[in-house]
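Whatever order the structure lists ligands and atoms in, that order sets their numbers, starting from 1. None of the values given here were measured: they were computed from a predicted structure. The analysis underlying the following values was restricted to heavy atoms, covering all of them including side chains, and did not include hydrogens, waters or symmetry mates.
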Amino acid sequence: MKELLLSVVVPCYNEEEVIPITHNRLIFVLEEITPQFELIYIDDGSQDETPNHLRQLQQHDQRVKVVFLSRNFGHQMAITAGLDHVSGDAVVLIDADLQDPPEVIKEMVNRWYEGYDVVYGVRTDRQGETPFKLWSAKAFYRMMNRLSDVPIPLDTGDFRLMDRRVVEALKIMPERDRFLRGMVSWVGFRQVAVSYQRSPRIAGVSKYPLFKMIRFAADGILSFSLVPLRIAIWVGLLTVALSFLGILYALFVRLFTLSWVPGWTISFIAILFIGGIQLIFLGVIGEYIGRIYREDKRRPLYLVRESLGFEHLSNRDYI
Ligand code: UDP
Ligand code: MG
């Protein structure tokens with residue numbers, strides 16, 4: 001049987017404190033799994049010592065490859081860059097902060113041998129996160145599933161193993177708003193979950209402050225669902241129906257009673273109400289149009305400044 005070539009992609013943004021530890025643990029686990037693996041670090045425009053650490057790791061170990069992006073493009077783009085550079089039969093995505101235990105990769109590989117194309121990690125327990133993050137993540141995944149056109153497994157992150165075929169499928173999905181876990185659900189194939197406990201970050205701080213989390217959630221919902229647009233239609237219809245009743249009432253008062261004082265109150269409220277709803281949904285539509293605009297520019301998803309350890313420079317590097 002052909003020996004498995006395993007690729008592991010690690011996005012890193014200002015992770016100087018964790019890189020050496022993560023690296024050792026990954027190498028330890030991977031050596032137990034297969035003699036053939038490549039460890040691809042994506043430096044997502046770090047401003048700390050991360051690039052130097054990565055450079056050193058690469059010099060000492062042939063199996064390490066590094067892609068330096070030209071600036072910070074964000075977690076999802078860093079992963080995308082990684083997927084474009086893999087050459088393995090199976091590809092694992094893992095965060096640099098060891099919140100996802102590398103030991104689980106063994107189990108993932110076993111499931112892959114059983115014939116599954118995607119093995120995604122499901123977090124049963126998340127230690128070291130704030131109650132707010134836990135609550136918001138839970139609410140988000142449940143809402144996402146109600147709204148989205150494809151079912152997205154609950155409580156999964158990007159920690160997963162994918163068959164090369166799945167990676168190739170992802171590569172031909174050119175969208176800019178990349179919500180990778182949704183995209184992986186969309187491609188289909190045979191998928192299976194493995195559960196694990198998510199540990200606290202070993203060092204450093206989360207690169208997902210509240211604002212970025214909200215953006216990320218919006219990306220997930222807006223790029224996988226037209227429901228917000230459809231709500232606009234229903235609320236619009238309801239509003240029209242209500243206004244119709246209002247019109248009948250106004251006519252009735254005007255024609256059949258003598259007490260038709262100028263209806264300042266009702267018209268004032270109606271204007272405010274309708275105006276408010278219109279503004280909300282103009283916003284929703286604006287979000288989608290903004291996305292169309294961004295897609296339409298056809299910019300590359302990321303730019304590579306330098307790459308180390310790859311045999312031939314891929315075309316991607318000169319985009
Ligand atoms: N990351 C990245 N670019 C960014 C933000 C994060 O490559 O702009 C990486 C980060 O180094 C880590 C992973 O993405 O390996 C997940 O980030 P983090 O642990 O900060 O997110 P959290 O686990 O808190 O959601
Ligand atoms: Mg983390």
Side-chain angles (χ1 to χ4, degrees), residues 8-26 39-54 57 64-86 91-102 104-105 120-141 144 154-160 176-181 196-220 301-305 307:
V8 177
V9 172
V10 191
C12 309
Y13 177 52
N14 294 345
E15 301 282 9
E16 58 183 3
E17 290 152 277
V18 302
I19 295 255
I21 314 169
T22 306
H23 181 74
N24 289 338
R25 217 161 120 197
L26 275 172
L39 196 47
I40 304 182
Y41 289 101
I42 311 298
D43 171 52
D44 188 14
S46 302
Q47 288 113 24
D48 63 357
E49 284 300 305
T50 304
N52 293 336
H53 285 320
L54 294 178
L57 292 179
V64 176
K65 300 173 181 180
V66 190
V67 177
F68 297 93
L69 301 187
S70 63
R71 63 171 169 84
N72 180 247
F73 281 89
H75 183 198
Q76 301 290 304
M77 289 307 173
I79 295 176
T80 303
L83 294 181
D84 285 337
H85 284 81
V86 297
V91 180
V92 170
L93 301 179
I94 188 167
D95 286 354
D97 57 4
L98 289 184
Q99 282 194 286
D100 313 312
V104 178
I105 298 176
Y120 53 87
V122 174
R123 320 182 258 237
T124 50
D125 183 22
R126 301 177 83 177
Q127 299 162 12
E129 307 268 26
T130 59
F132 175 74
K133 176 137 186 176
L134 290 181
W135 173 83
S136 57
K138 213 178 164 113
F140 166 68
Y141 286 109
M144 187 65 221
L154 297 178
D155 302 316
T156 54
D158 287 314
F159 182 34
R160 58 185 64 229
R176 249 118 279 253
D177 298 303
R178 295 183 90 76
F179 183 66
L180 228 71
R181 30 204 112 146
Y196 68 100
Q197 296 202 340
R198 191 155 161 101
S199 343
R201 214 172 214 289
I202 47 167
V205 290
S206 170
K207 275 79 193 177
Y208 271 103
L210 180 63
F211 175 72
K212 263 202 193 171
M213 252 159 61
I214 293 175
R215 272 259 49 103
F216 183 62
D219 268 351
L301 300 176
Y302 59 85
L303 293 174
V304 172
R305 174 162 54 88
S307 57

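Of the options Thr22, Asp97, Asp95, Asn72, the smallest heavy-atom separation from atom 13 (C) of ligand 1 is shown by Asp95. Within the set Glu15, Gln99, Met77, the minimum heavy-atom distance to atom 23 (O) of ligand 1 is found for Gln99.
For Ala78, no nitrogen or oxygen atom sits less than 3.5 Å from a nitrogen or oxygen atom of ligand 1, counting backbone and side chain alike.
Atoms CG and CG, from Leu301 and Asp84 in turn, are 7.5 Å apart once rounded to the nearest 0.5 Å. The line from CG of Asp95 to CG of Asp100 is 5.0 Å long, rounded to the nearest 0.5 Å. Atom OG of residue Ser46 and atom CD of residue Glu15 lie 7.5 Å apart, to the nearest 0.5 angstrom.
At a heavy-atom distance under 4.0 Å, only side-chain atoms of Asp44, from C-beta outward, approach ligand 1. The parts of Ala96 lying near ligand 1 are both backbone and side chain, judged by heavy-atom distances below 4.0 Å.
Between Tyr302 and His85, the ring planes are tilted. Angles from 30° to 60° get that label. His23 and Tyr41 have tilted rings, their planes meeting at an angle from 30° to 60° on a 0 to 90° scale.
Within the protein, the number of N, O or S atoms lying under 2.8 Å from the Mg ion (ligand 2) is 2.
When the side-chain contact (heavy atoms from CB on, under 4.5 Å) test is applied to Arg305, the partners found at least two apart in sequence or on another chain are Asp43, Phe68, Ser70. Legend: residues meeting salt bridge (Lys or Arg N to Asp or Glu O under 4.0 Å) with Asp97, ordered by chain and number and at least two apart, are Arg201. Scored by the side-chain contact (heavy atoms from CB on, under 4.5 Å) test, Pro20 finds no partners at all (sequence neighbours excluded).
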